[in-house]
Amino acid sequence: MDVDPSSERNDSDEPTLRIAAICAAYGNDRHRMLDILRDVQEGFRWVSPRSLETVAACTGLSRVQVEGVASFYSFLSLTPKGRITIRLCDDIVDRFAGLAAVAAAFEAELGIRMGETSADGSFSLDYTPCIGMCDQAPAAMINDVVVTRLTPERAASIGSALRAGRLPLEIAVPGHAGLSPAERAAAMVENNIRHAGPVLLGPVPSDAGLRQALELTPTAIIDAIEASGLRGCGGAGFSTGRKWRAAASEPAERRFVFCNADEGEPGTFKDRVLLTERADLMIEGMTIAARAVGAREGLIYLRGEYAYLRDHLEAVLESRRAGGRLGRRIHGIEGFDFDVRLQLGAGAYVCGEEGALISSCEGLPGEPKTRPPYPVNRGYLGFPTLVNNVETFCHAARILGRGADWFRAMGTDRSHGTKLFSVSGDCLNPGVYELAYGLTLAELLTLVGGEDAAAVQVGGPSGTMVDRANFHRRLSFDDLATGGAIIVFSARRNILEIVDYYMSFFVHESCGYCTPCRVGNVFLHKAIGKFRAGLANPEDIDYLRDLSQTIIETSRCGLGMTSPNPILTTLQNFPLVYSALVKSSPDRVRASFDVQSAIEGARRIARRRSTIFDEDYT
Amino acid sequence: MNETRKPRVATVSLAGCFGCHMAILDIDERLVGLMQAVEFDRSPLTDLKTFTRRCDIGIIEGGCCNEENVHVLQDFRRNCDVLIALGQCAIMGGLPAMRNAIMQSDAPLRECLEEAYITGAYIRNTTHQIPNDPALPLLLDRVYPCSEVVEIDYQIPGCAPGGDIIFETLSSILAGRFHGFSRDSFKFD
Ligand SMILES: Cc1cc2nc3c(=O)[nH]c(=O)nc-3n(C[C@H](O)[C@H](O)[C@H](O)COP(=O)(O)O)c2cc1C
Ligand code: SF4
Ligand code: SF4
Ligand code: FES
């Protein structure tokens, strides 16, 4: 080993000191591991073996524990990344919108292939799942900056501007310097609000709900939420009032209110719009929840893809603190203290699951927790933790302001109020629609200009693929449930190509804890490949059903319990797609087994041909 | 069909250890009755190397590790009405499929052969060559369970399966009343 004292100094001391300073900025607190590693990644473009050791030493953990976290998140890298990392959304919506040509244009301009980093360390090109810009696909992140509506020409010009040394923000938002954080976010990404309803996207008076809540006892606040019939908007639709009551009634010294802004379900981008347009209302809702359950500490878990909203959200938090609406003695009330911290994620869909979200905030790998105990009983650091979706908190604030009856009167019997739908895919007007629960899919399709749809994915990959014969079904928790995603597909689209992509998404995003989810989804994905290649037998349909059932029954969290849905719901609603592709072989020998490719390696090693399977063998 | 004809049975050992065939003998004295009830065609038990006639039942021991296994298995599929995979090797690939675990390699098959014939710690191979007689069948890239190569009708699990389970399963398949194993037929510790 050659030891050069000068390089030793440069390579070891300086970075080590910088990393130690990062850890110190977070009080060397192991629970802040995600923040620490995000900063290391940002400062050095990777988390090197030496960084792992330094971080471990500073936080009192073993290197393996730190590596377990660093290797979990896709935005943290154990190999060096470019100073500029471009992540193209490769969701099926982007693929249908011309992703391949955009990727090729970046490759040509930057001289590297997708998945590669340039030799001088300037650029990396990667794919990433849905970044929440489906209404303006194809889209990409350039470091923390988002660019949308990409074309090959735009990609080439972005690439050349970057090579000329222009900063990503300058490229995405020319003249950004004079803009406020909110204006900058709005200039970077369009909101595409297509239909404003009465609750969220119409005019909203500031803090009307919070002022009303301060007149009420905590129990009365919860009674109002429960009476409104509000159900969680993150996907599962659990009664918000009951959740708040459970969190309030658990005896504890500390309690937490967490806002789930992870929005990872492909096709969902309504929280993005609320975070941009209604951040004040959302924090107001969190403050009301804090009052109701007796929490003093709050947290917003913002997905790493939405890092471009960080400055804006920090500014809103700061202005609320400055106005006495957050922090100590809120609205002058002695003893009513509540403050909120912003936590950024780092590219992991499963971290939207509330247990995984809490693990992630605790500095652990973002793995779901075994339930029970539920977060409302034992959540963050073991204390009762209320986790609600962005939209749920916004609704809660409006319910307090306008009254439970007003909210309850909208929607259907068991799904009250309005819902934000984020619509993308093959329609004329992609964007966000606020509509009362209970409208039919056909009605929504008329609004969005998607009447020609042949299939609609309701609720994202974990939801339901609906065929034309079922467009009369209603959007509500009793019929077609959705956290907000509505993806429209025209008759030009290949259903199995969509299913294939969604299964690869779940394969990529499984945290790996449960074998049926980790391995089973790989098998399901492979089986779909067999169908697409025309090599499937009739009995492979039973195989898909049986394996799906096993995965659903034996998985620990909602990811595994819903991951077979792309297959199950298309088997149900598009049976002909499958039956048209299966072939039974008359002699019952499997066409999917290709003996030629199986012996190719041995043929090369032995340097001879097969006496059995090479027909021209002499 | 002649009403009194006995069902014809064929058996073969592919990539297995012959343990499953030994296990057939574990049905002990019931074997005598079975031999009277059926007629064995192609099988190591009769030393017949080809089918003399179409068979009702084919019993397969072992998975497919080389081209000859594939060829024989396909031949069984084409000549038997019902195929039974007997034992873990036939069902899952079993012990031979341990070589499928060589995954972090660009040339897993070569690595496997080199370890088996040249570099392995306990190898005494004075030629220092991987055997390559033209009569040797070519190996497959990995070991395949039978069900990946042909359709399999029934599986009898175990390594090797017990004599009782073999006897009961065969008897009920022959009687046309096999409807799967009961939940407590298998206990693993
Ligand atoms: C794999 C997975 C991902 C999830 N992602 C999100 C998400 O991005 N945002 C969200 O609000 N809820 C998400 N959820 C649901 C949460 O676990 C939780 O139910 C929700 O945050 C509760 O809030 P709500 O009652 O207001 O809907 C996800 C669940 C699973 C299983
Ligand atoms: S179901 Fe999948 S994502 Fe959920 S805990 Fe298990 S392995 Fe992880
Ligand atoms: S299953 Fe067991 S007994 Fe049967 S062939 Fe394989 S190793 Fe031998
Ligand atoms: S951003 Fe590409 S599909 Fe959502």
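Quantities reported herein were computed from a predicted structural model and do not represent experimental measurements.
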In terms of heavy-atom proximity below 4.5 Å to chain B, should [X] be classed as side chain, backbone, both, or neither?
X	result
A:V589	both
A:E600	neither
A:N537	side chain

Side-chain touch [X]/[Y], heavy atoms, less than 4.5 angstrom:
X	Y	answer
B:E151	A:S584	no
B:V149	A:R590	no
A:F593	B:L140	yes

*Counting only heavy atoms closer than 4.5 Å, note whether B:E148 contacts chain A via side chain, backbone, both or neither.*
backbone
*Take atom OH in A:Y513; do more than 12 heavy atoms of anything else shown fall under 6.0 Å from it?*
no
*asked:* Between A:I605 and B:E114, does the side-chain contact (heavy atoms from CB on, under 4.5 Å) criterion hold? Intermediate values first, please.
replied: CA-CA 11 Å; A:I605 293 173; B:E114 282 177 355; over 6 Å; no
*B:R78 backbone acceptor or donor facing A:D587 side chain under 3.5 Å*: no
*Start with the C-alpha gap between A:F613 and B:L138, add the side-chain angles, then the distance that decides, and say whether side-chain contact (heavy atoms from CB on, under 4.5 Å) holds.*
CA-CA 10 Å; A:F613 290 104; B:L138 295 172; over 6 Å; no
*asked:* Looking only at heavy atoms and a cut-off of under 4.5 Å, which of B:I130, B:I152, B:L136 has the most pairs with chain A?
replied: B:L136
_What verdict does the side-chain contact (heavy atoms from CB on, under 4.5 Å) test give for B:V150 and A:R588, after you've listed the backbone C-alpha separation in whole Å, the side-chain angles of each residue and the deciding distance to 0.1 Å?_
CA-CA 6 Å; B:V150 300; A:R588 304 189 67 197; over 6 Å; no
_Any salt bridge linking A:R608 with B:D133? Criterion: basic side-chain nitrogen under 4.0 Å from a carboxylate oxygen._
no
